[in-house]
Amino acid sequence: MSEEIFDVVNERDEVIDRQPRGEVHRLGLKHRATHVLVYNARGDVFLQKRSMQKDRQPGLWDSSASGHLNSGEDYDACAVRELREEIGLAVARPLERLFKIAACEETDQEFVWVYRCQSDGPFALNAEEIERGGWFAPAEVTRWMAERPQDFAGALLLIWKKWMA
């Protein structure tokens with residue numbers, strides 16, 4: 001399988017180059033990603049525990065689904081694709097856009113659009129991506145993050161802080 005190709009972007013999130021995934025991460029280049037928070041009818045959020053096979057932040061709790069944009073892909077399409085690939089959730093476009101985060105250390109130099117949707121599952125978790133998942137009350141997530149931030153991917157900590165503010 002060939003390595004994924006990402007768009008490299010400048011500080012204004014404008015495409016300036018294309019590079020393989022490994023080079024983008026090795027060189028710390030700015031690129032693009034999406035995160036989706038899936039809520040059920042009770043208001044609980046589904047979080048995934050990243051597989052230990054992941055090259056970035058293995059074994060940490062993360063958004064319901066997240067991932068990099070492929071070169072030429074837009075944020076909305078990526079969010080829909082990641083839901084399908086990671087948790088088997090097919091949704092109608094468009095998802096609810098919440099906010100955008102500028103590329104920074106916590107996001108691994110990714111510009112991130114954060115989305116929200118509703119589904120009660122059940123989900124088909126991609127074992128290559130996800131060790132396990134679970135539903136959590138938002139207050140429980142906030143408390144857990146305050147007590148054990150090391151359990152969470154850096155981007156989710158930033159997203160949650162902004163989302164709960």
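Computed from a predicted structure; not experimentally measured.
With sequence neighbours excluded, the residues forming a side-chain hydrogen bond (donor to acceptor under 3.5 Å, both in side chains) with Ser63 are His35, listed by chain and number. In terms of the side-chain contact (heavy atoms from CB on, under 4.5 Å) criterion, residue partners of Glu147 (sequence neighbours excluded) are, by chain and number, Arg143. A search for salt bridge (charged side-chain N to carboxylate O under 4.0 Å, His left out) contacts involving Glu105 returns nothing, not counting sequence neighbours. Taking the ring-ring contact (aromatic ring centres under 6.0 Å, His included) definition, one finds that Phe99 meets it with nothing, sequence neighbours left out. Partners of Ala146 under the side-chain contact (heavy atoms from CB on, under 4.5 Å) rule, at least two apart in sequence or in another chain, do not exist in this structure. For Glu73, the side-chain hydrogen bond (donor to acceptor under 3.5 Å, both in side chains) partners at least two apart in sequence or on another chain are Arg81. With sequence neighbours excluded, the residues forming a side-chain contact (heavy atoms from CB on, under 4.5 Å) with Gln57 are Arg50, Leu60, Asp108, Ala153, listed by chain and number. Contacts of Glu129 classified as side-chain hydrogen bond (donor to acceptor under 3.5 Å, both in side chains), with partners at least two apart in sequence or in another chain: Lys54. Legend: residues meeting side-chain contact (heavy atoms from CB on, under 4.5 Å) with Ala33, ordered by chain and number and at least two apart, are Glu110, Val112. Partners of Gln19 by side-chain hydrogen bond (donor to acceptor under 3.5 Å, both in side chains), not counting sequence neighbours, listed by chain and number: Asp17.
By the 4.5 Å heavy-atom criterion applied to side chains, Asp7 and Arg18 are counted as neighbours. Counting heavy atoms from C-beta outward, Asn40 and Ser119 have side chains that stay 4.5 Å or more apart.
Cluster annotation: Ile16 is connected to Leu27 through the hydrophobic network of ILVMFWY side chains, with a link wherever side-chain heavy atoms come within less than 4.5 Å. Residues Leu69 and Leu98 do not share a hydrophobic cluster, defined by chaining ILVMFWY side chains whose heavy atoms lie under 4.5 Å apart. Note: the hydrophobic cluster containing Val15 does not contain Leu29 (ILVMFWY, side chain heavy atoms under 4.5 Å, direct or indirect links). In this structure, Val36 is not a member of the same hydrophobic cluster as Trp61, with clusters built from ILVMFWY side-chain heavy atoms closer than 4.5 Å. Hydrophobic clustering (side-chain heavy atoms under 4.5 Å, transitive across Ile, Leu, Val, Met, Phe, Trp, Tyr) groups Trp135 together with Leu83.
Between the side chain of Ser64 and the backbone N or O of Phe46, at least one donor-acceptor pair lies under 3.5 Å. Between the Glu82 side chain and the Thr34 main chain, no donor and acceptor come within less than 3.5 Å of each other.
Using a 30° and 60° split on the angle between ring planes, His31 and Phe6 fall in the parallel class, below 30°.
Minimum interatomic distance between Phe111 and Asn10 (heavy atoms only, all atoms of both residues): CE1-O, 3.3 Å. Scanning both residues, Phe123 and Val38, for their nearest heavy atoms gives CZ-CG1, 3.9 Å. Taking both residues in full, the closest heavy atoms of Cys78 and Gly67 are given as SG-O, 3.7 Å, listed atom of the first, atom of the second, then distance. A pairwise comparison of heavy atoms in Cys117 and Leu95 identifies CB-CD2, 3.8 Å as the closest pair.
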I would like to know whether Ile87 and Ile130 meet side chain to side chain contact (heavy atoms under 4.5 Å, CB included); could you show each step before the answer? CA-CA 9 Å; Ile87 65 174; Ile130 303 170; 3.8 Å; yes
With a cut-off of 3.5 Å and sequence neighbours excluded, list every side-chain donor-acceptor pair involving residues 154-165.
residue	atom	partner	partner atom	Å
Trp160	NE1	Thr142	OG1	2.9
Trp163	NE1	Tyr39	OH	2.7

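Rounding to the nearest 0.5 angstrom, the gap separating the CG atom in Asp62 from the CZ atom in Phe152 is 10.0 Å. Taking CG from Asp76 and CH2 from Trp113, the interatomic distance works out to 8.5 Å, rounded to the nearest 0.5 Å. From Arg97, atom CZ reaches atom OH of Tyr75 across 8.5 Å, with rounding to the nearest 0.5 Å.
With 3.5 Å as the limit, one finds a donor-acceptor pair spanning the side chains of Asp151 and Trp144.
Annotation: salt bridge (charged side-chain N to carboxylate O under 4.0 Å, His left out) contacts involving residues 21-49, sequence neighbours excluded, comprise Glu4-Arg21, Asp13-Arg32, Arg21-Asp55, Glu23-Arg26, Arg42-Asp44, Lys49-Glu131.
Heavy-atom contacts from other residues, nucleotides or ligands closer than 6.0 Å to CD of Glu128 number 12 or fewer.
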